[in-house]
Amino acid sequence: MPADCNSIDGRGRTGLSTGAAGEVPRDYASYRALLGEAVAAVLENAASPARSRSYRPLAMLSRGYDASATAALASAAGCREAITFVDSRRPDPRDDSGLANARILSLECTEHDRRRYLCGGGRSEPEFALFTLATPLSLAGVEDRLSSRILVSGHFGD
């Protein structure tokens, strides 16, 4: 492996470099291709039968740009399932549901209440959590869907 790449060897040791990670994209098409190839490589690695445990992709969708963009990349790389959240405490519980976007991306999508975690065995909402809807706390309510999965999320533009 070239010296300018980040790596993990067979014993889990990491090698980090401040060198260039690759070619700088020339335009939108080359940037899109770079992202698509990276997502495809990660999902292929996660699903590899050579792994002691393989992981199936699951996209997290909303009406937002970041989640839709990452779900589009995941769909192009073979992801076929998605989850989205509704909020039972809002006047329109589905105002941020990604169900329509999932249909466009040909993803099988299930909706889950963002506040489902409040109903689980002894969990309670932290008293001073100011931004609980902007954190992954709602994932606790769908933990049964996350086993053996690699979650593709556009959360905070990641």
**Prompt:** About how many Å separate CG of Leu107 and CD1 of Ile83, when rounded to the nearest 0.5 Å?
**Reply:** 12.0 Å

**Prompt:** Is the closest side-chain heavy-atom distance between Phe85 and His112 below 4.5 Å?
**Reply:** yes

**Item:** Backbone of Asp66 reached by a side-chain donor or acceptor of Thr70 within 3.5 Å
**Value:** yes

**Prompt:** Which atom pair, heavy atoms only, marks the closest approach of Ser97 to Arg63?
**Reply:** O-CG, 3.2 Å

**Message:** Donor-acceptor pair, distance only, cut-off 3.5 Å: does the side chain of Ser147 make one with the backbone of Asp144?
**Reply:** no

**Fill in**
Smallest heavy-atom separation, Ser54 atom then Ala47 atom, equals CB-O, 3.7 Å

**Prompt:** Would a 4.5 Å heavy-atom cut-off, applied to side chains only, mark Thr110 and Val142 as touching?
**Reply:** no

**Asked** Got a second to check how far Arg116's CZ is from Glu143's CD, nearest 0.5 Å?
**Response** 8.5 Å

**Asked** Atom CZ of Arg103 and atom CD of Glu108: how far apart are they, to the nearest 0.5 Å?
**Response** 12.0 Å

**CG-OG distance between Asn101 and Ser75, expressed to the nearest 0.5 angstrom** = 11.5 Å

**Request:** Can you see which heavy atom on Ser62 is nearest to which on Ser68, and at what distance?
**Result:** O-OG, 3.5 Å

**Item:** From Arg56 atom CZ to Leu151 atom CG, the distance as rounded to the nearest 0.5 Å
**Value:** 12.5 Å

**Asn45-Ser48 side chain donor-acceptor pair, cut-off 3.5 Å** = no

**Message:** For a quick test of reading the model, state the closest non-hydrogen atom pair linking Val39 to Ala77 and the distance between them.
**Reply:** CG1-CB, 4.2 Å

**Item:** Distance-only polar pair, side chains of Ser148 and Arg53, donor-acceptor under 3.5 Å
**Value:** yes

**Asked** Are Leu73 and Ile104 connected in the hydrophobic side-chain network, where two residues link if heavy atoms are under 4.5 Å apart?
**Response** no

**Prompt:** Are Val42 and Leu35 co-members of a hydrophobic cluster defined by side-chain heavy atoms under 4.5 Å apart?
**Reply:** yes

**Among Arg115, Arg94, Arg114, side-chain hydrogen bond (donor to acceptor under 3.5 Å, both in side chains) partner for Asp87** = Arg115

**Complete:** Looking only at heavy atoms, the pair that brings Met60 and Ser153 closest together is CE-OG, 3.3 Å

**Prompt:** Should Val86 and Leu99 be regarded as members of a common hydrophobic cluster, given that ILVMFWY residues are connected when their side-chain heavy atoms come within less than 4.5 Å of each other, either directly or indirectly?
**Reply:** no

**Fill in**
Heavy atoms of Leu61 and Ala67 approach each other most closely as CD2-O, 3.9 Å

**Message:** Would the distance check show the side chain of Arg149 and the main-chain N or O of Tyr55 forming a donor-acceptor pair, the cut-off being under 3.5 Å?
**Reply:** no

